[in-house]
Amino acid sequence: MSRSTRAAGRRAAPRAHRSRPRSHRARTASKAIGLTLVSALVPGSGLLMGGRKKLGAFVLTISIGLLLIGAYVGLTHRDSVLALLVSPRQLLIATAAVVVLGICWIWVVVASHKLLRPVSMTYTGRLAGSMFVGLLCFAIAVPTTVAAQTVMAQRDLVGSVFQSEGNSKSATRPKVNKSDPWAKTPRLNLLLLGADDGVGRTGVRTDTVIVASIDTKTGDTALISLSRNWMRMPFPEDSPLHKVYPDGFWDPNLGNVEQPEYYLDAMYENVPKAHPGILGQTDNEGADVVKLAASAALGLDIDYYMQVNLAGFRQMIDALGGITVNVNYRVPIGGDYGAGPGSNSERKPSGYIEPGPNQKLDGYHALWFARGRYGLSDPSRQERQRCTIHALVNSANPQALVTKYQQIAAAGKELLRTDIPQEILGAFIQLGMKVKNAKVTNIDLDKSKNFPTGKNPDYTAMREIIQKAIAPKANPAPSATTTTAKPTKKPTSSTTTKRPTTPPKATATPGAAQNLNDACAYNPNQTGNN
């Protein structure tokens, strides 16, 4: 058979029939756009409708699986989520995961549209489809970017404020079991310092000193305010500072007179300046000095400190959208007596925060609500500071945290300085959630009897008051929060919280834990001078 005959036979032979795959493409551009939207809402569904069944089933399974895992972990493994939020390494991994998921989601949308759009389209249809896909990709990219930035802001905050125990030094930080920090700590005592290092001031003065004593089982918190003009602040007997100041922080050579350079608010700067390195290695000797003095004065073991920079405090309030407080009397904005440590020349206030209930204050006015003291007494200032903390805790709602977290994190970097190590941050966050939903009270130290002036406070009497106020709550029995002694039960009972509202101070007794909802209620009868 010749070559031409064989070639003719091959051309004449019928070709084997091959079945064409069924077309899954939409017949119109508008239908393709609708199906693309479905593919964005349910990743993998577009691939299934476009004929890529195996790939579509895989993507759909992964999508549903991630949603179910996220819901399960969020509802049943809250501790794991909290641990992730305060671990720089895990936050970095989470950022990468968010970015990868966002990119994969965009790819699924684009691939689905290519499979679903008609083979032949008009220019207008092709343009409309491309624009819609672009909008979908943009709608995915924006929240993905915001989420990644938020996670990185959290990582930056944790890394900037909270150092690991191995990378930080403290002369007063306790050693605890990292897996269960509160196992042997029925009450956590936290020192809150407000550093008055504003423009025009020399040095750093802690014009706000508050101890928060927290029941680690219930979250019930007692706030104890220390007056800025206390003298003779004692030190523990085993501290090197006790040898230097055996009778407390004051100068006997000056006599029994007011000594502003030996006030409590001067210790942070003056003690380290006079005795540098006396406590050993520490990242913040001033804070360790105040921790030791507050521990001895109040009879409490102060575990950690949190130092608040006033400029950062203002930024934090603004980031949260302000706080709501009751203003019972005119509170001065600015003003200086021209005497005392850190003072400038005498000047009158530049304005006042006028009285009124439920006033929404921005950061500037909230700062002066807490700090203003010209013409007012120190106890009234301490009460306003406690009410500011109370309002700040109540303002930290989920909506503000989600929508403004990057601003909050940026303010937090400027706001806080602490010796709380990274390793126990998860436990701290869990405790903080308890505190937000628990009772916050104030312990009245009886100023008229125990420290009418700052020259010689009766620390022994104050220690007795504090122990009586917190001892029942330290009982680990389940009924500890409900079977307290009568003096502390009445002002904190849910059935009697309204009794001390008008006026709050009339029913507050030394040693009684006064509920801050009552203490911070609107009471125009107050003057701020008592």
Side-chain angles (χ1 to χ4, degrees), residues 161 168-173 190-211 225-236 239-254 257-298 302 304-314 336-345 367 370-371 373 378 381-382 385 414-419 451 454-455 457 459:
V161 176
S168 60
K169 300 179 179 65
S170 172
T172 58
R173 183 167 54 199
L190 188 64
L191 181 68
L192 308 177
L193 299 174
D196 191 1
D197 52 349
V199 177
R201 297 228 172 218
T202 56
V204 177
R205 303 280 173 165
T206 52
D207 76 339
T208 299
V209 181
I210 298 175
V211 172
S225 296
L226 287 72
S227 290
R228 61 190 295 273
N229 66 334
W230 282 356
M231 288 170 46
R232 307 172 193 258
M233 286 289 289
F235 293 100
S239 168
L241 288 170
H242 181 73
K243 298 178 181 179
V244 180
Y245 302 103
D247 299 319
F249 184 59
W250 75 303
D251 187 351
N253 297 324
L254 298 178
V257 297
E258 294 286 343
Q259 301 176 15
E261 292 302 321
Y262 288 88
Y263 282 168
L264 167 59
D265 70 347
M267 297 182 72
Y268 182 93
E269 181 179 12
N270 289 353
V271 173
K273 186 183 296 183
H275 308 283
I278 190 172
L279 297 178
Q281 294 185 332
T282 174
D283 296 330
N284 191 343
E285 190 169 20
D288 282 331
V289 167
V290 181
K291 278 178 69 176
L292 290 173
S295 295
L298 304 181
I302 308 296
Y304 304 98
Y305 78 89
M306 293 189 72
Q307 182 174 326
V308 178
N309 174 277
L310 296 182
F313 175 84
R314 177 178 173 180
D336 201 301
Y337 294 114
S343 293
N344 302 301
S345 59
L367 181 58
R371 293 185 61 199
R373 66 187 180 93
D378 275 348
R381 186 176 187 234
Q382 293 168 3
Q385 290 170 349
E414 302 296 327
L415 174 70
L416 296 175
R417 187 177 181 186
T418 183
D419 59 352
F451 50 102
K455 291 188 296 184
Y459 296 115

4.5 Å side-chain heavy-atom contact, [X] and [Y]:
X	Y	answer
Ile302	Val290	no
Leu192	Thr208	no
Gln382	Arg228	no
Leu193	Val209	yes
Tyr268	Val289	no
Ile278	Glu285	yes
Leu416	Val308	yes

To the nearest 0.5 Å, tell me how far [X] [atom1] sits from [Y] [atom2].
X	Y	atom1	atom2	result
Arg381	Arg371	CZ	CZ	7.0 Å
Asn229	Tyr263	CG	OH	5.0 Å
Trp250	Tyr262	CH2	OH	10.5 Å
Gln259	Leu254	CD	CG	4.5 Å
Leu292	Leu191	CG	CG	10.5 Å
Met233	Leu241	CE	CG	12.0 Å

Search all heavy atoms of [X] against all heavy atoms of [Y] and return the closest pair with its distance.
X	Y	answer
Ala266	Pro260	CB-O, 3.8 Å
Met231	Val257	CE-O, 3.4 Å
Lys291	Tyr304	NZ-CA, 3.8 Å
Met267	Ala293	CE-CB, 3.5 Å
Ser227	Leu264	O-CD2, 3.3 Å

Say whether [X] and [Y], considering side chains only, have a donor N or O and an acceptor N or O under 3.5 Å apart.
X	Y	answer
Glu261	Asn270	yes
Tyr245	Asp251	no
Gln307	Asn284	yes
Asp288	Thr172	yes
Arg173	Ser168	yes

Look at the side chain of [X] and the backbone N and O of [Y], then say whether any donor-acceptor pair between them is shorter than 3.5 Å.
X	Y	result
Ser239	Phe235	no
Arg232	Pro457	no
Ser225	Ile210	no

Practice task
Output all residues satisfying salt bridge (charged side-chain N to carboxylate O under 4.0 Å, His left out) with Lys455, sequence neighbours left out; order by chain, then residue number.
Solution key: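 Not a single residue meets the salt bridge (charged side-chain N to carboxylate O under 4.0 Å, His left out) criterion with Lys455.
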Practice task
List the steps, then state whether salt bridge (charged side-chain N to carboxylate O under 4.0 Å, His left out) holds for Lys169 with Asp419.
Solution key: CA-CA 8 Å; Lys169 300 179 179 65; Asp419 59 352; over 6 Å; no
Problem - Pair Phe451 and Trp230, ring centroids less than 6.0 Å apart - result: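 Yes, the ring centres sit under 6.0 Å apart.
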